[in-house]
**Student:** 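So that we are looking at the same thing, I have put the structure below in structure tokens.
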Amino acid sequence: MASERYNPREVEPRWQKHWNEAKVFETDNDDPREKYYVLEMFPYPSGRIHMGHVRNYAMGDVVARYKRARGFNVLHPMGWDAFGMPAENAAMKNKVHPKTWTYENIDSMRKQLKSMGLSLDWSREFATCDVEYYQRQQHLFLDMMEKGLVYRKNSKVNWDPVDMTVLANEQVIDGRGWRSDALVEQRELTQWFFRITAFAQDLLDQLDTLDQWPEKVRLMQKNWIGRSEGLTIRWEVVPTNAHGDLKDITVYTTRPDTLFGASFLAISADHPVAKEAAARNPEIAAFCDECRRHGTSVAALETAEKKGMDTGIKVVHPFDPEWQIPVYIANFVLMDYGTGAIFGCPSGDQRDLDFANKYGLPVVPVVMPANASKDEFKITDEAYVGDGIMINSRFLDAMDTDAAFEEVANRLASRFIHDQPQGGRKVNFRLRDWGISRQRYWGCPIPVIHCEVCGVVPVPKKDLPVKLPDDVSFELPGNPLDRHPTWRHVGCPQCGKDARRETDTMDTFVDSSWYYARFTAPWEDAPTNPAAADAWLPVDQYIGGIEHAILHLLYSRFFTRAMRETGHVGLDEPFKGLFTQGMVVHETYSRGEGHGREWIEPAFVRIEEVDGRRLATHIDSGEEIAIGSIEKMSKSKKNVVDPDDILASYGADTARFFVLSDSPPERDVIWSESGVEGSHRFVQRVWRLISEAADTLRSVESKPAKEGEALGISQIAHRTLRAVQSDYDRLGFNKAVARIYELVNALAAPLAQVAAGKADAPTVSAVREAVEILIRLVAPMTPHLAEECWTLLGNTGMVAEAGWPVFDEMLVAENEITLPVQINGKKRADLTIARDADQTSVEQAVLALDSVRMALDGKVPKKIIVVPQRIVNVVV
RNA sequence: GCGGACGUGGCGGAAUUGGUAGACGCAAGGGACUUAAAAUCCCUCAGCCUUUGGCUAUACGGGUUCGAUUCCCGUCGUCCGCACCA
């Protein structure tokens with residue numbers, strides 16, 4: 001057989017067409033086989049796919065193809081996370097409608113994904129900006145509203161006065177808008193919220209059940225939810241004429257044990273008491289304004305000095321009517337955590353200590369380490385925040401901190417002021433309700449109507465969808481929906497009078513919070529078909545970037561609960577298995593220094609090795625170029641490799657195989673030209689080895705050898721099968737690749753023999769069987785190559801529809817094993833012995849070894865440790 | 001500051017989670033084939049020594065163990081998440 005080179009440009013489109021025509025990857029909801037739902041986080045249609053997409057979708061595709069071969073009914077869909085700001089930015093910059101821009105991008109990215117040969121069910125594809133999708137999202141919103149999971153409240157936002165829009169925290173850079181460079185203001189706006197805090201405890205508790213999630217992600221979510229157990233304590237205000245009818249101030253604390261160390265109360269500048277004081281006193285008002293101006297940028301927080309201002313108000317210590325404590329307004333107290341008020345215990349909290357030292361407030365140590373001495377224990381510049389023994393705390397003295405906590409909690413619960421307990425146990429969460437209002441055009445319209453008579457009226461479901469108008473302009477700043485001449489004017493659904501539509505649209509995170517459920521029945525009129533959703537969900541394997549560890553995954557977990565409450569699904573947790581893959585990174589190249597530095601794309605750089613060091617030169621000019629650090633592929637550093645170029649020159653199989661090789665999938669993979677060439681060599685090699693022997697192989701039956709010279713061939717094939725299978729089960733793609741290399745290396749010589757006509761009949765049969773195992777092992781990673789080789793061997797049907805091979809226990813089992821023999825923990829010899837040899841015979845055989853006898857030199861060993869089928873250690 | 005992860009050849013990484021450290025790939029060097037190149041194939045490739053052997057090596061220093069890359073304590077370094085959270 002002639003061995004022309006394997007040509008992916010011809011082969012790959014051909015097989016993609018075959019798969020498509022046979023609808024191999026379209027999934028039937030009524031298929032009775034066991035289900036398997038594999039999903040990769042869907043892409044934002046930015047215009048072109050990048051290598052990160054290639055890696056993400058290659059991994060998901062391996063899982064999908066592998067599980068399909070294992071006999072599962074696999075759901076593997078794809079869609080587009082298509083709403084969001086970039087489309088509006090493009091509209092402003094290039095005068096193109098967001099819709100046009102988005103759908104054109106989707107078209108070109110779909111083409112790119114299809115050229116990767118992914119086994120996706122394209123019949124279920126949708127974009128979140130499809131009316132059919134966001135209509136159902138509006139339906140969900142209304143259902144959630146009915147269940148009290150949606151509400152409006154005033155909330156502070158970052159307002160860009162030039163662009164006339166709300167900015168996310170990430171869009172505020174040094175206090176200025178990222179586009180307009182205008183000073184950002186804090187504004188109070190009425191915004192829509194999802195009541196995610198209603199599920200705070202459940203979202204926390206259920207993390208323990210997600211045992212197929214990375215520990216890291218679970219921990220990040222746990223910290224984000226941030227549960228703390230403490231006490232609210234009411235402090236009686238010392239009555240004076242100055243403060244009207246203010247009776248008490250409630251603080252939240254997790255350290256009630258330190259109550260006798262209290263030396264001040266601190267309240268937020270937004271606390272009602274602070275606002276009232278500000279109204280009376282211009283100096284306080286100015287201080288509150290200053291506090292509000294800070295607190296926006298992260299950098300400002302880091303360096304911000306602890307500042308406070310005495311309100312003149314005094315409160316009484318809960319356990320001592322004679323003890324009065326001043327109330328400060330402090331810039332470090334947050335209104336939206338706890339009660340917006342704290343008591344400061346300087347000896348037990350560094351921040352409180354800094355504050356007390358600055359304003360000359362008392363510092364009384366109340367907790368000391370268990371081994372410290374009361375007389376020597378002092379607090380000056382460093383607070384003691386640990387647990388320990390109570391001191392200077394009257395009835396708490398000598399208790400440990402836990403007991404003191406309990407004692408204070410119990411005493412305050414049974415003391416009443418103004419007819420209410422003075423203290424109560426309180427669980428607090430860091431998690432806040434999810435603000436979803438965006439003053440933007442390209443998003444899902446919030447389906448409510450504002451009527452002057454009836455108030456906020458939900459749009460009746462029969463009137464859905466609330467469609468985005470197409471005739472909008474982006475000439476002026478602000479939300480085009482606000483300026484639209486007709487869209488916002490509408491009759492009130494209740495009273496019929498003139499009313500106006502809500503012009504806020506939803507945060508795009510809402511769109512991605514339930515798409516996985518929609519895929520289970522995307523044709524359905526309701527948001528989901530509950531039966532289909534319950535049958536498919538949870539997603540068995542979800543794959544995506546670690547950057548979504550908190551928000552997207554937490555919001556999706558919330559949405560599943562909200563959909564359960566509203567009857568759209570019957571479960572809590574959307575993703576059973578989660579895998580967070582690493583990035584694709586690349587060396588950077590540049591010439592020049594400082595501001596004149598110019599980054600060079602890898603495509604223009606040639607790398608050579610001269611005298612043992614790597615040298616980069618510019619392909620056109622021959623100029624030497626500096627090799628920089630390895631970083632995430634980004635446009636700014638120009639260290640980007642375009643998947644299109646790779647697919648065009650090497651083909652999809654090479655690209656897929658490369659991104660799966662070498663690095664463990666959760667870690668970053670370094671893209672290198674030589675690495676890709678290595679993968680390409682592998683593809684070519686497999687093709688060449690098989691095609692050269694194909695004529696002979698085709699003429700024999702595929703049959704493993706159970707004895708004789710060919711036994712080794714069948715053994716390694718079946719052992720590799722078992723190993724790769726378990727690697728795929730654990731997403732160990734890089735290990736699977738290594739084992740497949742080993743198998744190919746082992747089959748190279750026998751295949752050459754077959755090609756040369758020098759192999760006997762049983763060997764040819766065994767080789768064919770081994771090659772057919774190999775083909776099915778590589779098929780999930782390099783599916784086109786696998787189909788081509790499969791056909792070449794004269795098989796009918798497609799590998800994509802062939803089952804997974806079953807390894808033969810007899811061939812996998814080792815009858816003789818080679819045990820390493822150690823003397824005092826150092827390897828000195830090997831012992832080959834029957835696998836099932838008992839301890840005594842192993843010991844005897846070991847003692848009979850020359851090297852062992854020499855090492856013993858006639859002495860009797862102290863001990864012989866035999867670990868069955870592992871190792872022998874002789875202790876002298 | 002709080003929380004977490006990681007540290008193995010020139011490089012990416014293996015090591016069945018306490019049992020032969022360095023699989024597999026990349027890079028490099030040598031050779032074969034060829035008029036030549038490409039492609040392909042074969043060999044070498046942690047370091048050191050007195051080389052059919054031996055010693056030292058998994059960031060560094062200790063510990064537990066017959067045996068430690070793996071477990072424990074400390075030190076150094078790198079990366080990630082959160083951050084005025086009371």
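All chains are named by letter (A, B, ...) in the order of the sequence lines, taking the proteins before the strands, and each is independently numbered beginning at 1. What you see is a predicted model, and the numbers here were worked out from it, not measured in a lab.
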**Student:** Do A:Lys862 and B:C66 have a side chain to base donor-acceptor pair shorter than 3.5 Å?
**Tutor:** no
**Student:** May I ask you to check whether A:Phe355 and A:Phe264 place their ring centers less than 6.0 Å from one another?
**Tutor:** yes
**Student:** Given the C1' atoms of B:A28 and B:C11, what is the spacing between them in whole Å?
**Tutor:** 11 Å
**Student:** Between residues 335-342 of chain A and RNA chain B, which residues have a heavy-atom gap below 4.0 Å?
**Tutor:** A:Tyr337, A:Ile342
**Student:** Out of curiosity, A:Leu811 CG to A:Arg719 CZ, how far, rounded to the nearest 0.5 Å?
**Tutor:** 8.0 Å
**Student:** Which atom pair, heavy atoms only, marks the closest approach of A:Asp352 to A:Cys345?
**Tutor:** OD2-N, 3.0 Å
**Student:** Considering just the side-chain nitrogens and oxygens of A:Arg828, establish if one lies under 4.0 Å of OP1 or OP2 belonging to B:C55.
**Tutor:** yes
**Student:** Rounding to an integer number of Å, can you tell me how far A:Lys826 NZ sits from B:A57 C1'?
**Tutor:** 10 Å
**Student:** Would you tell me if any nitrogen or oxygen in the side chain of A:Arg5 comes within less than 4.0 Å of OP1 or OP2 on B:A39?
**Tutor:** no
**Student:** Between the base of B:C85 and the side chain of A:Arg351, is one N or O donor paired with an acceptor at under 3.5 angstrom?
**Tutor:** no
**Student:** What is the distance, rounded to the nearest whole Å, between atom CZ of A:Phe332 and atom P of B:G1?
**Tutor:** 19 Å
**Student:** Please report the closest heavy-atom contact between A:His317 and A:Trp235, naming both atoms and the distance.
**Tutor:** CA-CZ3, 3.9 Å
**Student:** Does a side-chain N-to-carboxylate-O contact under 4.0 Å join A:Arg835 and A:Glu814?
**Tutor:** no
**Student:** So does A:Lys632 get a side-chain nitrogen or oxygen closer than 4.0 Å to the phosphate oxygens (OP1/OP2) of B:C79?
**Tutor:** no
**Student:** Report the distance from atom CG of A:Leu689 to atom CG of A:Leu747, rounding to the nearest 0.5 Å.
**Tutor:** 8.5 Å
**Student:** For B:A21 versus B:A46, give the span between their C1' atoms, rounded off to a whole number of Å.
**Tutor:** 11 Å
**Student:** When you measure from the side-chain N and O atoms of A:Arg681 to the phosphate of B:C26, is any distance below 4.0 Å, counting only OP1 and OP2?
**Tutor:** yes
**Student:** Rounded to whole Å, please give me the gap between CD in A:Glu547 and C1' in B:C82.
**Tutor:** 17 Å
**Student:** Is the shortest distance from a Lys or Arg side-chain nitrogen in A:Asp208 or A:Arg218 to a carboxylate oxygen in the other one below 4.0 Å?
**Tutor:** no
**Student:** Taking the chi torsion of B:G31, is it syn (within 90° of 0) or anti (everything else)?
**Tutor:** anti
**Student:** Closest heavy-atom contact between A:Gly545 and A:Met41?
**Tutor:** N-SD, 3.8 Å
**Student:** Rounded to whole Å, how long is the line connecting atom CD of A:Glu673 with atom C1' of B:G12?
**Tutor:** 16 Å
**Student:** For RNA chain B, write out the stems as range with range, using runs of 3 or more consecutive Watson-Crick or G-U pairs with both distances under 3.5 Å.
**Tutor:** B:1-7 with B:76-82, B:10-12 with B:24-26, B:28-32 with B:40-44, B:46-49 with B:53-56, B:59-63 with B:71-75
**Student:** For atom P, what is the distance between B:C85 and B:C2, given to the nearest Å?
**Tutor:** 12 Å
**Student:** Scan A:Gly678 against the nucleic acid and name what it touches under 4.0 Å (heavy atoms): base, sugar-phosphate only, or nothing.
**Tutor:** sugar-phosphate
**Student:** Compare every heavy atom of A:Met51 with every heavy atom of A:Val584, then report the nearest pair and how far apart it is.
**Tutor:** CG2-O, 3.6 Å
**Student:** Phosphate oxygens OP1/OP2 of B:C6: is one of them under 4.0 Å from a side-chain N or O of A:Arg667?
**Tutor:** no
**Student:** Would you indicate whether A:Arg430, at its atom CZ, is surrounded by more than 12 heavy atoms from other residues, nucleotides or ligands within a distance under 6.0 Å?
**Tutor:** yes
**Student:** For A:Ser663, report the nucleic acid contact type (base, sugar-phosphate, nothing); a contact means any heavy atom under 4.0 Å.
**Tutor:** sugar-phosphate
**Student:** Quick check on A:Lys358: does its NZ atom have over 12 non-hydrogen neighbours (other residues, nucleotides or ligands) under 6.0 Å away?
**Tutor:** yes
**Student:** Is the A:Phe658 to A:Tyr650 ring centre distance short of 6.0 Å?
**Tutor:** no
**Student:** What heavy-atom pair brings A:Val676 and A:Thr654 nearest, and what distance separates the two atoms?
**Tutor:** O-CG2, 3.7 Å
**Student:** Looking for any heavy atom pair under 4.0 Å, which part of the strands does A:Arg432 touch: base, sugar-phosphate only, or nothing?
**Tutor:** base
**Student:** So does A:Arg685 get a side-chain nitrogen or oxygen closer than 4.0 Å to the phosphate oxygens (OP1/OP2) of B:C41?
**Tutor:** yes
**Student:** When you check every protein heavy atom under 4.0 Å of nucleotides 15-24 of chain B, what one-letter string (B, S, -) results, 5' to 3'?
**Tutor:** SB--BB--BS
